[in-house]
Amino acid sequence: MLANDEVKDGLSERGGHPVQRKRMRQWIMRISAYAKRLLDDLNDLDWTDSIKEAQRNWIGQSQGAEVQFSVAETDHQLDVFTTRPDTIYGVSFMVLAPEHPLVSEITTFTQKNSIEQYQQAASLKSERERQGAGDQTVSGCDTGAFAVHPMTGKKLPIWIADYVLAGYGTGAIMAVPAGDERDWKFAKTFGLEIPAIFKGKNSDEAVFTDKTATLCNSEALNGLTGSKGIPAGISLLESAGVGSKQINYRLRDAVFSRQRYWGEPFPICYENEIPRLVKSAQVTLPEVDAYLPTEDGEPPLARARKEDWNVFEGDRMEFNTMPGWAGSSWYFLRYMDPHNEEIFCSREKSDYWGQVDLYIGGAEHTTGHLLYSRFWTKFLFDQGWIGFHEPFKQMINQGMILGRSSFVYRVQGTQQFVTFERRKEYQTQRLHVDINFVENDKLDMDAFKNWRAEYAEAEFIVGEDGTYSCGFEVEKMSKSKFNVQTPDDLVERYGADTLRCYEMFLGPLTQHKPWDTQGISGVHNFLRKSHRLFAQAEEGAPSDASLRILHKTIKKVTDDLNRHAFNTVISALMIGVNELLDSKGHQKGLLQPLAILLSPVAPHLAEELWRISDGAGSVMDAAWPESEEKWLTADRVTYPVSFNGKVRFQLELDARMNAKEVETAALGHEKTAAQIEGKTIRKVIVVPGRIINIVVG
RNA sequence: GCGGGUGUGGUGAAAUUGGUAGACACGCUGGAUUUAGGAUCCAGUGCCGCGAGGCGUGUGGGUUCGAGUCCCUCCACCCGCACCA
């Protein structure tokens, strides 16, 4: 039993066994019923635009009309969905998906063979092959049958083709070659008629998909463009009783069963192969002799004997299990009430805790987990189990951590490796080298030789200092690129606090960042310095200067934590610690609040520092310090004095001086005289506390 | 093709409301100290220039006393989705 991406060229990726397709009965969640709400409610979410937009695309709303065509000389009716009902008079043929149920009914005797061949060929292709991979070749087959144009009564040939998908809309289209790229190509390929319906456009020459074209040869719609033509077309179809306004969604229903052992079992049993809910008890996973499918391809649970199940009803239990997203869609609700034996979460608890305030996660779950959770939450809301209909109020996507690969340069056709600086002197091949043999871009040549038998005889063309420098590139972490860094080694070497701080220090939370461990020593040093500061802890009153440093740090750290700027939290703490060391701010009254500030970024160390500074209990229980305004304001300000926007010198002034006084002081300064020599002062701008700009000319 | 994002030193980055561009680190250079160190400390480090000075936030333009930040143009790269009628 394989997932799609475990199949390569019709063979299993592991083992290379032939793969057989087998139709299976599956449980499906009707998420499509929630498409409109999932789309509309996105507007109220405090999520990143990229995720919201990706979900909008995935849901894929499109507005248009459903139009009914009858099939000539039969009782069959053919429904199509179109976003361009205004181009109804440009229809010259119909196309059905090869799987469309009507195909076999309407195909004429003479076309039967070729149609079946085409269907066969299409069914052998996987969905992926049919949809993508740049394959845009036009193919199709004539059924020999005709549809009747609902407005003109004209006979329209019915074809089948790959490019019409069975799973979208009605699986059938009305083809308007003048106004649709694919229809136009199809008509050109098979020599079908291309009715001209746009004024001044030669549709034989080119397709015109823009909605700004004016319609012609379209009876009542003549002279209209898309914006007015579409609603006019819909009312035309409605009054003729052959169509109606329709909104379609791309979102498909979600398969909810897996043929694996590990997953929640369904509370379902079968009687005469008719499923029924098991209500007598909670079904748990039965023991099986092997976590493998049965001989005839049933899922592993089919191996369980009747007595292996904790509940057994009907003829047999359900053999499928639930997929991963069954649990991930609502686990946060269970967290609110984890020990409740009666229900997943009491209404009282979920009302108290409410939505998840902030969700930090990766963008890779955009169209899976993050959509399913929303769907699931809406369902539970509709059923009255919870009082909110969106799971996550605010969401931030953390960036991916990328690997930093190292490269060696092999001189072509030899076992000589040339150092990075001199690689251009030779014809070389760039090869990934295991980053474990590289430190500060310098290669450990012995380790490299021992890496693989083929490199045992390697020779090195080194740089002037006798070392071998590697090249580097930032790319996704991957085993094949030998750039995978496990945090375990770093934890072993520097401790978990250093790792945690370094991850934060790397850069903004939401940005992709290279995992380059070169800078880790800086963060490690900072923690050591912090410890050194506390090691000198003493009694006594801190100086005013130290208190200013402390309160400045409290303010910056608090503000930055609130805006999730963890990288600048670390640098603010670094500055604080450095300055306190310089100003001999070792007093316990100063150090205690500092230990609290450190606790979110270096929890283990902070606990230790809290104890050193005589803090009571755990630092985790200590109240967050508040910055005091009186320590944040200075009485002297250093103004940059600029001329025409260019800073020329600094001027220290009393902070209480008003704009006029500052201006007078600046103009009176000797360096100002030098700057304005021979020029006239046109304007002086003073922003109190910030800057002085003197405009001369 | 559609949508989203990112461009600032040798490197990771900072600049929160338009107000000293490069904070904080890494790396590098020089020095002190040490038996040693992946320890500590001091000084320097955007680019050009001996200097005065000039230039500088992907490109080109605009608004402004003042633009990394606002507006327009173009370019490059990354990530989604894509035969959706």
Between the CD1 atom in A/Ile692 and the CG atom in A/Leu653, the distance rounded to the nearest 0.5 Å is 6.0 Å

A/Ile685 atom CD1 is separated from B/U64 atom P, nearest whole Å, by 13 Å

Between B/A23 and B/G58, how far apart are the C1' atoms? Round to whole Å, please.
23 Å

What is the separation between atom CD on A/Gln536 and atom P on B/U40, rounded to the nearest whole Å?
14 Å

From the options B/G4, B/G54, B/A39, select the nucleotide whose nearest atom is closest to the side chain of A/Arg648.
B/G54

Taking for each residue the nucleotide of RNA chain B with the nearest heavy atom, is it A/Pro508 or A/Asn644 whose nucleotide lies nearer the 5' end?
A/Pro508

Would you mind classifying the nucleic acid contact of A/Ile575 as base, sugar-phosphate or nothing, using non-hydrogen atoms under 4.0 angstrom?
sugar-phosphate

Below the 4.0 Å mark, does B/G12 have OP1 or OP2 next to a side-chain nitrogen or oxygen of A/Lys513?
no

Heavy atoms of A/Phe69 and A/Val80 approach each other most closely as CE1-CG2, 3.7 Å

Of the nucleotides B/C65, B/A15, B/A85, which one has an atom closest to the side chain of A/Arg182?
B/A85

Kindly assign one of parallel, tilted or perpendicular to the pair A/Phe190 and A/Phe186, based on the angle between their ring planes and the thresholds 30° and 60°.
tilted

Taking the side chain as C-beta and beyond, is there a heavy-atom pair between A/Ile88 and A/Met151 under 4.5 Å?
yes

Is the A/Phe649-A/His669 ring centre distance short of 6.0 angstrom?
yes

Heavy-atom nearest pair, A/Tyr118 first then A/Asp162, reads OH-N, 2.9 Å

Considering only the P atoms, how many Å lie between B/U64 and B/U69, rounded to the nearest integer?
16 Å

Please evaluate the base of B/U6 for a donor-acceptor partner in the side chain of A/Gln511 within a cut-off of under 3.5 Å?
no

Checking understanding here: a glycosidic angle within 90° of 0 is syn, the rest anti, so what is B/G68?
anti

Looking only at atom C1', what distance separates B/U20 and B/G10, rounded to whole Å?
25 Å

Where the side chain of A/Thr568 is concerned, which of B/G27, B/C24, B/A15 is the nearest nucleotide?
B/A15

When all nucleic acid strands are considered with a 4.0 Å heavy-atom cut-off, which category describes A/Val647: base, sugar-phosphate, or nothing?
sugar-phosphate

Euclidean distance for C1', B/G56 against B/C41 (whole angstrom):
33 Å

Can you name the closest pair of heavy atoms from A/Ile31 and A/Asp253 and give their distance?
N-OD1, 3.3 Å

5′-ward residue of the pair A/Lys683/A/Arg528 relative to RNA chain B
A/Arg528

State which of B/C84, B/C26, B/G19 makes the closest approach to the side chain of A/Ile691.
B/G19

With respect to the side chain of A/Arg250, which nucleotide from B/A15, B/A82, B/U20 is positioned closest?
B/A82

Would you indicate which nucleotide in B/C83, B/A15, B/C24 comes nearest to any side-chain atom of A/Met574?
B/C24

So which nucleotide from B/U16, B/U20, B/A85 ends up closest to the side chain of A/Asp560?
B/U16

Which part of the nucleic acid, if any, lies within contact of A/Arg56, taking any heavy atom under 4.0 Å across all strands shown: a base, the sugar-phosphate backbone alone, or nothing?
nothing

Look at all strands and tell whether A/Glu181 reaches a base, only sugar-phosphate, or nothing, counting heavy atoms closer than 4.0 Å.
nothing

Work out how far the P atom of B/C55 is from that of B/G38, and round it to whole angstrom.
44 Å

Determine whether any donor atom in the side chain of A/Lys556 lies under 3.5 Å from an acceptor atom in the base of B/U16, or the reverse, and answer yes or no.
yes

Nucleotide B/C41, atom C1' - distance to NZ of A/Lys584 in whole Å:
12 Å

With rounding to whole Å, what would you report as the distance between B/G60 and B/G9 at their P atoms?
15 Å

Look through every strand shown and name the nucleotide pairing with B/U45 as Watson-Crick or G-U wobble, where both distances are under 3.5 Å.
B/G27

From B/A13, B/C26, B/U16, pick the nucleotide closest to the side chain of A/Asn567?
B/A13

Within less than 4.0 Å of OP1 or OP2 of B/A85, is there a side-chain N or O belonging to A/Tyr168?
yes

Taking only the side-chain nitrogens and oxygens of A/Asn578, find out if one of them lies under 4.0 Å from OP1 or OP2 of B/A25.
yes

Is the A/Trp58 to A/Tyr249 ring centre distance short of 6.0 Å?
no

Looking at the side chain of A/Ser50, which of B/G4, B/A23, B/U20 is the nearest nucleotide?
B/G4

For nucleotides B/U35 and B/G12, find the distance between their P atoms and express it as a whole number of Å.
40 Å

Any base atoms under 4.0 Å from A/Tyr249, or only sugar-phosphate, or nothing? Heavy atoms, all strands.
nothing

Can you tell me which nucleotide in B/A85, B/A13, B/G3 comes closest to the side chain of A/Asn57?
B/G3

Taking the P atom of each, how far is B/G44 from B/G7, in whole Å?
30 Å

Grab the CD-C1' distance between A/Glu99 and B/C84 for me, whole Å please.
15 Å

